[in-house]
Protein chains: 2
Amino acid sequence: MATGPTIRDVAARAGTSTAVVSYVLNDGPRPVAPATRARVLDAVADLGYRRNNLARALRANRTGTIGLVVPDLAKPFFAELVRAVEDAAFTRGFRLLVGSAHFDAGREGEQLQALLDARVDAILLAPSQDPAPAVTPLRRAGIPHVLVHRTHPGTAGVAGDDTDAGRQAAAHLLGHGHHHIALLGAGTGDDPVSLRARGADAVLTEHDRPVSRLACPFPNLRDDAYLATRALLASQPQVTAICATTDEHALGALRAATEAGRRTGDDLALVSIDGTALAAYLTPALTAVTTPFDAIGTDAIDTILNPTSTPTIRRHPLTLTTRRSCGCRPTG
Amino acid sequence: MATGPTIRDVAARAGTSTAVVSYVLNDGPRPVAPATRARVLDAVADLGYRRNNLARALRANRTGTIGLVVPDLAKPFFAELVRAVEDAAFTRGFRLLVGSAHFDAGREGEQLQALLDARVDAILLAPSQDPAPAVTPLRRAGIPHVLVHRTHPGTAGVAGDDTDAGRQAAAHLLGHGHHHIALLGAGTGDDPVSLRARGADAVLTEHDRPVSRLACPFPNLRDDAYLATRALLASQPQVTAICATTDEHALGALRAATEAGRRTGDDLALVSIDGTALAAYLTPALTAVTTPFDAIGTDAIDTILNPTSTPTIRRHPLTLTTRRSCGCRPTG
DNA sequence: TTGAAAGCGTTACCAC
DNA sequence: GTGGTAACGCTTTCAA
């Protein structure tokens, strides 16, 4: 790793001082005569000089790096989130340090500590579970941080409007004329699954529809939704529609339905929430209330780069994408 | 961002010098008397001191960070690869800086340059296209680098044994007694799709089986495999089995088959190569020659952290996982 | 076994 | 407009 030329080499070649070179490179904080500036730029080009960002970071106490911790980098939802965040960060000249928490609070804490030690400028966290224990050390460390996907009162957050998403999903099934609807996912918290389930539930209750509520206590295990749906279809034939609170739940439900001989999209309707790329490519293609990943990623990065005094939680609307699984016959 | 206590503060509190504190913190390079060491450790604990890795990195010219660039962080295959690599890196005390290349050589170059500027200790690259143009600047920069998934002669690489994977997939279909088999994916290069296709092709040719070769010129677009399969099924009813060179291809094929009224796993067999988590959860579940992500991720990290003088390319065997799509009836 | 001090490469203050 | 130079916080040599 031959260490390249330094700012001193540039200064020497341009016949000036390191201070002036720095002024040119950073467009300030002091003005530089055009002729001098030109000589400096020539020297930079001749030498192929590239600034040492480590030294710059030490001096400025800014690394140009943002940390992101998600429960699982490989899960489609978080993978799409990471891509969106990385894109937004790259566009703004920031690099992204990522970590997987394995849906484990302990591991999440280690990842956050590692990011703190790496001196990232800011931290984005998609909490694996209850955000509270993760937020406390971040606040104490005095580092800008924003929660993503799952929020926490008093902490800046960017997420989808999950309650509304749940409403949209339920309303769509209602629009198809379904009477007895099953809800895959439940909860009383302010996590996405709980919010979506309650949003859907509210709409169904409002319309006096019977609801079969399936808790799926481990919502991250597709097997869980699979087993719950299998049991449901066997015991409650009157259910004609399923509202899944995540694509993972939908995947399990779809499998159970198919194995039970139900033709999803024909004699069973299924609507999902998340709308990962995956949904479009299943058979049948999944009707899903779709997450605006790019908007969320961009908003998360912008929020963290322009911290305001009062932390706010912003929720982005999800939009219904109709495909086959709900019984719709989309054109094309 | 209140900058915490420094090594000077620790030294002062322990009544010794910064040098000794450093020796204690790093277990060397000089010995420290037990009593002194204890005082230092006490001071560290009392102050809640955490070393500034920026300063350490500047001094040591090592950041403890590894860069990884993949074509698309959101694609299931690369998402699983990233998780495996991150895991291995984290275990060894390294952080991971990631970048998406958007399957674009120009963007890939920018990402690599950004990693170089960030002074990462080493770079892992899953090339988007021809690795050659990306490898040259890495070599010139004198930074340890290892290619993943897609390799290049003369450059260290860790990948799957793609030729063998293709052979396994074809052999399995042969074992099911299929005669006319379609091959989804083709190529003459040493990229995974080409190698897998050639491996499969060799086995089929060897057994004198007719092969329908579908190029899918844009193998990253699932639509491409979908359209190719749709045309194939319409025009060549004698085809009873499809060998897909990636899960993305298989997804498209599965959709086309279902829409054409074929029951995959019954009157049409489908075997895929990649074996992302997805394969297990499709309906029917996909029989796939499965990538050992963890082994590849670990090997990639270990290879890059222990560079040898002669770059070698290591290929890890993929293993067949039988599920429903090929017509097997797996127990359970 | 310990400590003073010289850097690592930048930035930016202060003087000219 | 320009140039010395003192930091940033750490590691490690060299001398004691």
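Atoms considered below: every heavy atom in the structure, side chains included; atoms not considered: hydrogens, waters and symmetry mates. Lettering of chains follows the sequences in order, A, B, ..., and the numbering in each one begins at 1.
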Polar contact flag, side-chain donor to acceptor under 3.5 angstrom, [X]-[Y]:
| X | Y | result |
| --- | --- | --- |
| R39(B) | T16(B) | no |
| N26(A) | S22(A) | yes |
| D121(A) | T63(A) | yes |

Between [N] ([atom2]) and [X] ([atom1]): distance, integer Å:
| X | N | atom1 | atom2 | value |
| --- | --- | --- | --- | --- |
| L25(B) | dG9(D) | CG | P | 15 Å |
| R8(A) | dG3(D) | CZ | C1' | 12 Å |
| L58(A) | dT11(C) | CG | P | 11 Å |
| Y49(B) | dC10(D) | OH | P | 3 Å |
| N53(A) | dC8(C) | CG | P | 18 Å |
| N61(B) | dT10(C) | CG | C1' | 14 Å |
| R119(A) | dG9(D) | CZ | P | 8 Å |
| N52(A) | dT11(C) | CG | P | 10 Å |

When you get a sec, tell me which of [options] is the closest nucleotide to the side chain of [X]?
| X | options | answer |
| --- | --- | --- |
| R59(B) | dA12(C), dG3(D), dC10(D) | dC10(D) |
| R51(A) | dT11(C), dA5(C), dG4(D) | dT11(C) |
| I7(B) | dT10(C), dT12(D), dC10(D) | dC10(D) |
| S22(B) | dT11(C), dC10(D), dT12(D) | dT12(D) |
| V20(B) | dG9(D), dT2(C), dT11(D) | dT2(C) |

With D117(A) as reference, evaluate R95(B), R56(B), R50(B) under the salt bridge (Lys or Arg N to Asp or Glu O under 4.0 Å) test and give the passing residue.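 It is R50(B); the other options fail the test.
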Taking only side-chain nitrogens and oxygens of [X], does any of them come within less than 4.0 Å of OP1 or OP2 of [N]?
| X | N | answer |
| --- | --- | --- |
| N26(A) | dT11(C) | yes |
| Y23(A) | dT10(C) | no |
| R30(B) | dT13(D) | no |

So which of T291(A), D299(A), D161(A) actually passes side chain to side chain donor-acceptor pair (under 3.5 Å) with H316(A)?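 With H316(A) as partner, T291(A), D299(A), D161(A) yield a single side chain to side chain donor-acceptor pair (under 3.5 Å), made by D299(A).
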Report the distance from atom CZ of R314(B) to atom CD1 of I296(B), rounding to the nearest 0.5 Å.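 Here the interatomic distance stands at 11.5 Å.
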Starting from the 5' end of DNA chain D, give me the residue, V32(A) or V21(B), whose nearest nucleotide shows up first.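 That would be V32(A).
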Starting at the 5' end of DNA chain D, write a dot or bracket for each base, bracketing those in Watson-Crick or G-U wobble pairs whose two distances are under 3.5 Å and using | for partners on another strand. ||||||||||||||||
Base of dT10(C) paired with side chain of R56(A) (donor-acceptor, under 3.5 Å):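 Not at all, since no donor on one side and acceptor on the other fall under 3.5 Å apart.
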Under-3.5 Å donor-acceptor pair between T18(A) side chain and dT5(D) base: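 Looking at the base of dT5(D), it does pair with a donor or acceptor on the side chain of T18(A) (distance under 3.5 Å).
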Taking any heavy-atom pair under 4.0 Å as a contact, classify A19(B): base, sugar-phosphate, or nothing.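 Base contact.
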In terms of side-chain geometry, is the basic nitrogen of R37(A) or D27(A) positioned less than 4.0 Å from the acidic oxygen of its partner?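 Yes, this pair counts.
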Please work out whether the ring planes of F77(B) and H149(B) are parallel, tilted or perpendicular, with thresholds of 30° and 60°.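 Tilted, since the angle between the ring planes falls between 30° and 60°.
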